[in-house]
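All remarks here apply to the structure that follows.
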Amino acid sequence: METPEKLNFIEEIVEASIRNGEPRVHTRFPPEPNGYLHIGHAKSICLNFGIAKKYHGKCNLRFDDTNPVKEDTEYVDSIKADIRWLGFEWDGEYYASDYFEQLYGWAVELIKKGKAYVDDQSQEEIRTGRGTVTQPGTNSPFRDRSTEENLDLFARMRAGEFAEGTRVLRAKIDMAHPNMLMRDPLMYRIIHAEHHRTGDKWCIYPMYDYAHGESDSIERITHSICTLEFDVHRPLYDWFIEQLGIFPSHQYEFARLNINYTVMSKRKLLQLVQEKHVTGWDDPRMPTICGLRRRGYTPEAIRLFAEKVGVAKRDNVIDLGLLEWCAREELNRTALRRMAVLDPIKVVIANYPEGQTEWIECVNNPEDAEAGTRKVPFSREVYIERDDFMTDPPKKYYRLSPGGEVRLRYGYIIKCDEVLYDAQGHVAELRCSYDPLSLGGGSSDGRKVKGIIHWVSAPDAVPVQVQLFDRLFAVESPDEAPEGGTFLDNLNPQSLRIVTAQCEPSLAEAVKGDRFQFERLGYFCVDHSEIDPQPEGCAPVFNRIVTLKDSWAKIAGGEGK
RNA sequence: UGACCCAUGGUGUAAUGGUAACACAGCAGAUUUUGGUUCUGUUAUUCUAGGUUCGAGUCCUGGUGGGUCAACCA
């Protein structure tokens, strides 16, 4: 017997509609092609496509392209690629712009019914006429134009006789309505601009509120799922559908995703790109889908995240750590282990034969026996991590220190006999000795060492560039600008650190799409920009996707780095 | 001082009038050739005041707090 699955409130609504006799489930994901998708969209995508799949229904992809000045096919293409990468396929690809003629016809119908009128007021006059949230609006002097005049003017708007901003079509509802959206909302405005799909065919464009519900209706969407800020739009959504007597789609709202240390608004993400605070939409520090992809996140991890954050109506701020946890959850099972040293110090093993190379067998993935083993070269000189040695170690430090012993992972136990310093007093080199009987476990006298560290044979090491990322913003709520500043003042100046790491030789052959765990350091992938690709055949650059959980860092407090 | 939405551990999400639970985070321990993984244990929750009821996180009313709405954006 299956454990009963917990439903989110949208799924409950869907199941209720099925119980009430609605035979179909049809959702849609309706992005405006004016920017790149981000992790918040991923939540919506997982919800809409997930519900369609779960209830054997359909999910359309519809581009809400009603504002030609902001939209571009560049974004259409990236959105489609991102959805597919996330693992979803739409049942139909539609564009609001495909419905312009139908929408126009319905507008004419509303004019004829006395439910819409052409307003000649200026933008400023319309704004003041709308009143405020506490004061009712006032009727436009053009509100009671004759049907004939409205029809004529609207046709001439379409014909391009008027300049932008001179006339709009408005729904005639109620200028005193307590819901501002119902105070004779705009249906059409004049925009003399090239549309990325309809070209110059139109110079009047429908507003979101007029286009969205009708587009849902045309596609016979049963459950139109959107974010909370649209809930005040729902009466208007319903009003147009009811006036027109068309298929009754229904809108349901859920709380959008927020993540701490992250900004999610398209406007701010665009600003980060345009002002070059990041390298582009796919900068690995960006919360965009393409950024996360480049960073090395997998579709599975993002889907798991969407599942973990849940769906409700409460405003929420998810801990960035949860997203990282989702990445580790999968990568721990799947990523091959490799050794790399990010910040090397050289270790010379004085009693190891000069010129000798041993090939040591290392496990590729302890979580997956089928991943097998590989041989890694070992020699008299190795690199170890600077963090893995301390001249004056604190209590419970298991790593190397003067006179102390540590095991080189899969290799020998070494003992630190001497520390060499450079002119600045930094540790330059360690002189060690090894226990020849300790290879792969055990030791000459049965003693155990607690510490195990990763290493790379110095003469065999391959230097590669590694990009280490930290959160893009230094504060939990980056949207809250400091006194007199902007959200940009919250940027984390240390969000990117580039180092040259010394790697085991096999890593030189890594290609796009490869993901590894560098033992004890985290999960890494080969960097690859789709937007600005590097030439083929270059040495790989690695991105750190996420660190490993590090309980030593917690014990050591600020001592590590 | 309008309309609408929301309020459950630190963070999220369940509990559909009947024992407040799950995940992440935290803490403690076990295992471990990754201070990883895994396993075990554990800390901590119903905004407030009334009301209805045998019984309220759940229903009702008031309050408080948060959010959304006054683009010719979506």
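Below, chain A is the first sequence line, B the second, and so on; all start at residue 1. Because the structure is predicted, anything quoted here is derived from the model rather than measured.
Using a 4.0 Å heavy-atom criterion, one finds that A:Val311 contacts the sugar-phosphate atoms exclusively.
Using the six-membered ring where Trp is involved, A:Tyr188 and A:Tyr210 have ring planes that are tilted, between 30° and 60° apart. Relative ring orientation between A:Phe100 and A:Tyr205 is described as perpendicular, the plane-to-plane angle rising above 60° on a 0-90° scale split at 30° and 60°. Using cut-offs of 30° and 60° for the angle between ring planes, the A:Phe542 and A:Phe518 rings count as perpendicular.
Among the nucleotides B:rU68, B:rC5, B:rU34, the one closest to any side-chain atom of A:Val232 is B:rU68. Listed nucleotides B:rG36, B:rG12, B:rG2 differ in distance to A:Val133; the shortest reach to its side chain belongs to B:rG2. With B:rU37, B:rG12, B:rU34 as the candidates, the nucleotide lying closest to the side chain of A:Asn316 is B:rG12. Residue A:Pro178 has its side chain nearest to B:rG2 when only B:rA74, B:rG36, B:rG2 are considered. Among the nucleotides B:rU32, B:rU38, B:rG12, the one closest to any side-chain atom of A:Glu329 is B:rU38. Side chain of A:Met180, nearest nucleotide from B:rG35, B:rC69, B:rG12: B:rC69. Considering only side-chain atoms of A:Arg337, the nucleotide from B:rG36, B:rA71, B:rU1 that sits closest is B:rG36.
Distance noted for atom P between B:rA21 and B:rU46: 13 Å (whole Å). Going from the C1' atom of B:rG62 to that of B:rC22 covers 34 Å, rounded to whole Å.
With sequence neighbours excluded, the residues satisfying side chain to side chain contact (heavy atoms under 4.5 Å, CB included) with A:Met180 are A:Arg130, A:Val133, A:Arg183.
Screening A:Val347, A:Leu400, A:Val406 against A:Cys416 for a side chain to side chain contact (heavy atoms under 4.5 Å, CB included) leaves a single residue, A:Leu400.
Atom-to-atom distance recorded for A:Glu385:CD and A:Ile453:CD1 is 9.0 Å, nearest 0.5 angstrom.
With rounding to whole Å, A:Tyr95 atom OH is found 17 Å from B:rA74 atom C1'. For A:Phe305 and B:rU11, the CZ to C1' distance is 11 Å, given to the nearest whole Å. Here the P atom of nucleotide B:rC73 and the CG atom of A:Leu186 are 8 Å apart, to the nearest Å.
Of the residues in residues 163-177 of chain A, A:Gly165, A:Val168 come within less than 4.0 Å of RNA chain B through at least one heavy atom, sorted by number.
B:rA71: glycosidic angle within 90° of 0, hence syn.
The six-membered or imidazole ring of A:Phe524 lies away from that of A:Phe516, with a centre-to-centre distance of 6.0 Å or more. For A:Phe378 and A:Tyr434, the ring centers sit 6.0 Å or farther from each other. In summary, the aromatic rings of A:Tyr398 and A:Trp552 are positioned with their centroids too far apart to meet the 6.0 Å limit.
Nearer the 5' end of RNA chain B, as judged by each residue's closest nucleotide, is the contact made by A:Arg399, out of A:Glu32 and A:Arg399.
For A:Glu253 and A:Arg234, the salt-bridge test passes: some basic side-chain N is under 4.0 Å from an acidic carboxylate O.
One finds no side-chain N or O of A:Arg407 lying less than 4.0 angstrom from the OP1 or OP2 phosphate oxygen of B:rU34. At least one side-chain nitrogen or oxygen of A:Ser551 sits closer than 4.0 Å to the OP1 or OP2 atom of B:rG36. OP1 or OP2 of B:rA74 lies within a sub-4.0 Å distance of a side-chain N or O belonging to A:Thr66. Phosphate proximity of B:rA70 to A:Arg183: absent, as no side-chain N or O sits under 4.0 Å from OP1 or OP2. In this model, the phosphate group of B:rU32 is not approached by any side-chain N or O of A:Arg520 to a distance below 4.0 Å at OP1 or OP2.
Base pairing in RNA chain B gives the following stems of 3 or more Watson-Crick or G-U pairs, range against range and under 3.5 Å: B:2-7 with B:64-69, B:10-13 with B:21-24, B:26-30 with B:38-42, B:47-51 with B:59-63.
Within 3.5 Å, a donor on the side chain of A:Gln517 pairs with an acceptor on the base of B:rU34, or the reverse.
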So which protein N/O to nucleotides 43-45 of chain B N/O distances come out below 3.5 Å?
none

Just the table, please: protein N/O against nucleotides 61-67 of chain B N/O, every pair under 3.5 Å.
residue	atom	partner	partner atom	Å
B:rG67	O4'	A:Asp315	OD2	3.4

Listed pairs, N/O of protein and of nucleotides 22-29 of chain B, under 3.5 Å:
residue	atom	partner	partner atom	Å
B:rA23	O2'	A:Lys308	NZ	3.4
B:rG26	OP1	A:Lys554	NZ	2.3

